[in-house]
Amino acid sequence: MLVQKINKPMSVRQTYRIEPVWKDLPEHTNTLVGISRDEQRLRFRREKNSHQGLRDFGDLRELVIFCPNQEAITEIGHLQNLEFLYIDETRATDLSPLTGCTALRHLTIKSATQATSLDWIRDLPPLDSMLIENFKKITDISPLASVISAKALGVEGSMWTRQKVDSFQPIAELSQLEALFITNSKPVADGLAPLHALHNLRYLEAPAFYIEAEFYALEVALPRLSCDWFNRIREHGTIKEAIKAAITNLA
């Protein structure tokens, strides 16, 4: 009997290249020794000084890197053919060297807990997607208004740390945005109201921080928008009851 292999569909995050397609990446490595300098894709974890020489991989198109320090960030900034960059956990304070990646189109940075500014974003090349997660020293996200070419954007907290932002108003400037990820992210002012201006938005991942009325208003403003909370509130009446039902289903 023949068994047809069913490929798991890509997630929305993978479709917009906020997240890599992990199964398609090369084998994980923590050393650059023995890797051809004309390699185009790399999944790498820095250990001590193992990142030294990364700048010599000038043909790299896709880089997934874990724990880069400040020196590694500087090395990455020399990769002028890099199109996809996914950084997970960095204690670098200055991310401006990444503006040297002049071919960059997709940028995700998770847990940059020591970064104190997003001003460098204004000097990035035109991006198709960008996500920042757990930038816990930053609340001013106004530089994100410069990512006008983006079709997907994320401003998120980590699993255990909420990302506080002054307002989502800078995101309202991104008229081409189709997908937005704001999981565990909460603004000090304005709530979800600035998102009403995003008439091309089709997909939203949001936390349960907001009252039902905010989700109702957003659905009215953007009738073609898909957000799980819209259906959950309709089914269960309130966010609180929807959360209870989800917990029950997991039990």
Side-chain angles (χ1 to χ4, degrees), residues 9-19 106-108 110 118 121-122 126-135 138-159 161-250:
M10 288 195 298
S11 69
V12 174
R13 291 174 183 252
Q14 290 172 331
T15 298
Y16 281 100
R17 310 240 39 215
I18 286 287
E19 184 176 332
H106 307 278
L107 175 61
T108 291
K110 295 189 172 186
L118 297 178
I121 289 175
R122 296 187 174 98
L127 296 179
D128 294 330
S129 69
M130 181 174 188
L131 181 141
I132 59 172
E133 177 193 291
N134 194 18
F135 279 56
I138 293 173
T139 61
D140 177 14
I141 61 169
S142 55
L144 288 176
S146 66
V147 194
I148 57 175
S149 57
K151 288 184 168 54
L153 181 76
V155 182
E156 298 193 308
S158 65
M159 183 176 293
T161 304
R162 183 173 299 177
Q163 178 66 52
K164 296 179 181 178
V165 299
D166 297 334
S167 170
F168 286 142
Q169 188 59 47
I171 296 175
E173 305 295 321
L174 306 180
S175 60
Q176 296 189 54
L177 212 59
E178 297 176 4
L180 179 61
F181 308 89
I182 53 172
T183 301
N184 209 9
S185 180
K186 188 174 184 179
V188 174
D190 304 325
L192 297 176
L195 307 187
H196 293 192
L198 298 173
H199 298 296
N200 284 318
L201 197 65
R202 297 293 178 267
Y203 182 83
L204 173 66
E205 287 186 16
F209 297 152
Y210 310 98
I211 60 175
E212 290 82 1
E214 287 204 73
F215 284 110
Y216 290 143
L218 185 60
E219 188 174 21
V220 170
L222 303 175
R224 292 186 290 177
L225 177 62
S226 173
C227 175
D228 283 348
W229 287 113
F230 296 164
N231 294 329
R232 291 176 183 177
I233 292 170
R234 274 194 293 272
E235 181 178 355
H236 300 284
T238 66
I239 291 174
K240 183 177 180 180
E241 290 302 317
I243 292 173
K244 284 183 180 179
I247 293 172
T248 300
N249 289 336
L250 290 174

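Not measured: the values here are computed from a predicted model.
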**Q** Rounded at 0.5 Å granularity, tell me how far NE2 in His106 sits from NZ in Lys151.
**A**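 Rounded to the nearest 0.5 Å, the NE2-NZ separation comes to 10.0 Å.
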**Q** With rounding to the nearest 0.5 Å, note down the distance linking CG in Leu127 to CZ in Arg17.
**A** 13.0 Å
**Q** In terms of ring plane angle, is the pair Phe215 and Trp229 parallel, tilted or perpendicular, where the classes change at 30° and 60°?
**A** tilted
**Q** Of Val147, Thr108, Ile18, which is the lone residue that meets side chain to side chain contact (heavy atoms under 4.5 Å, CB included) with Met130?
**A** Val147
**Q** Do Leu131 and Leu153 touch side chain to side chain, with heavy atoms closer than 4.5 Å?
**A** no
**Q** Could you check if a side-chain atom of Leu204 sits within less than 4.5 angstrom of a side-chain atom of Phe181, using non-hydrogen atoms only?
**A** no
**Q** Could you check whether Glu205 pairs with Arg13 (Lys NZ or Arg NE/NH1/NH2 to Asp/Glu carboxylate O, under 4.0 Å)?
**A**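 So Glu205 pairs with Arg13 through a salt bridge.
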**Q** With a 4.5 Å heavy-atom cut-off, do Ile132 and Leu118 have their side chains touching?
**A**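 With C-beta onward as the side chain, the pair touches.
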**Q** Looking only at non-hydrogen atoms, find the nearest pair between His199 and Arg224 and report the distance.
**A**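 Scanning both residues completely, I find the closest heavy atoms to be O-NH2, 4.1 Å.
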**Q** Between Asn134 and Gly157 (side chain of the first, backbone of the second, donor and acceptor by atom type, cut-off under 3.5 Å), is there such a pair?
**A**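 No, because the side chain of Asn134 does not come within donor-acceptor range (under 3.5 Å) of the backbone of Gly157.
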**Q** Side-chain contact, heavy-atom cut-off 4.5 Å: Phe230 with Leu218?
**A**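 Answer yes - side chains close enough.
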**Q** Nearest 0.5 Å, please: how far is CG in Leu195 from CD in Glu214?
**A**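 With rounding to 0.5 Å, CD (Glu214) is 9.5 Å from CG (Leu195).
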**Q** For Arg234, enumerate each residue passing the salt bridge (charged side-chain N to carboxylate O under 4.0 Å, His left out) test, keeping only those at least two apart in sequence or located in another chain.
**A** Glu219
**Q** Would you list the pairs meeting salt bridge (Lys or Arg N to Asp or Glu O under 4.0 Å) in which at least one residue belongs to residues 175-203, sequence neighbours left out?
**A** none
**Q** Which atoms form the tightest heavy-atom contact between His196 and Leu222, and what is the distance?
**A** O-CD2, 3.7 Å
**Q** Do Ile233 and Tyr216 come close enough that some side-chain heavy atom pair is under 4.5 Å?
**A**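 Side chain of Ile233 against side chain of Tyr216, heavy atoms only: contact under 4.5 Å found.
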**Q** Would you say the side-chain atoms of Gln176 pair up with the backbone N or O of Ala150, donor to acceptor, closer than 3.5 Å?
**A** no
**Q** Below 4.5 Å, heavy atoms only, C-beta onward: do Leu177 and Ile171 meet side chain to side chain?
**A**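 Side-chain contact under 4.5 Å: yes.
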**Q** Going through the distances and angles, do Cys227 and Arg232 end up as a side-chain contact (heavy atoms from CB on, under 4.5 Å)?
**A** CA-CA 9 Å; Cys227 175; Arg232 291 176 183 177; over 6 Å; no
**Q** Would you tell me whether Thr183 and Glu156 have side-chain atoms, one donor and one acceptor, within less than 3.5 Å of each other?
**A** yes
**Q** Tell me whether Gln14 contacts the main-chain N or O of Ser11 through its side chain, where contact means a donor paired with an acceptor under 3.5 Å.
**A** yes
**Q** Minimum heavy-atom separation for Tyr210 to Pro187, with atom names?
**A**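 Minimum heavy-atom separation between Tyr210 and Pro187: OH-CD, 3.3 Å.
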**Q** Please lay out, stage by stage, how Asp166 and Ile141 fare under the test side-chain contact (heavy atoms from CB on, under 4.5 Å).
**A** CA-CA 7 Å; Asp166 297 334; Ile141 61 169; over 6 Å; no
**Q** Closest heavy-atom contact between Asp140 and Pro143?
**A** O-CD, 4.0 Å
**Q** Quick check for you: to the nearest 0.5 Å, what is the distance between Ile148 atom CD1 and Ser175 atom OG?
**A**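 Answer rounded to 0.5 Å: 7.5 Å.
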**Q** Do side-chain atoms of Asn184 reach the backbone of Ser158 as a donor and acceptor pair under 3.5 angstrom?
**A**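 Such a contact is found between Asn184 side chain and Ser158 backbone.
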**Q** Walk me through it: do Ile121 and Ser146 pass the test side-chain contact (heavy atoms from CB on, under 4.5 Å)?
**A** CA-CA 7 Å; Ile121 289 175; Ser146 66; 3.9 Å; yes
**Q** Within the structure provided, determine whether Leu180 and Tyr203 are in side-chain contact (heavy-atom separation under 4.5 Å).
**A** no
**Q** What are the two closest non-hydrogen atoms of Ala172 and Pro194, and how far apart are they?
**A**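 Heavy atoms of Ala172 and Pro194 come nearest at CB-O, 3.3 Å.
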**Q** May I ask you to test the Gln163-Val165 pair for a side-chain heavy-atom distance under 4.5 Å?
**A**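 Sidechains of Val165 and Gln163: in contact.
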**Q** Is the backbone N or O of Lys244 less than 3.5 Å from a side-chain atom of Thr248, with the two atoms forming a donor-acceptor pair by type?
**A**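 Looks like yes, one N/O pair under 3.5 Å.
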**Q** Any side-chain to backbone donor/acceptor pair from Glu212 onto Ile239? Under 3.5 Å, distance only.
**A** yes
**Q** Would you verify whether the NZ or CZ of Arg162 falls within 45 degrees of the ring axis of Phe209 while also being under 6.0 Å from that six-membered ring's centre?
**A** yes
**Q** Identify the two heavy atoms, one from Ser185 and one from Pro207, that lie closest to each other, and give their separation to 0.1 Å.
**A**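 Residues Ser185 and Pro207, closest heavy atoms: O-CG, 3.8 Å.
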**Q** Taking everything shown except Ile243 itself, do over 12 heavy atoms lie less than 6.0 Å from its CD1?
**A**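 Count over threshold, so yes.
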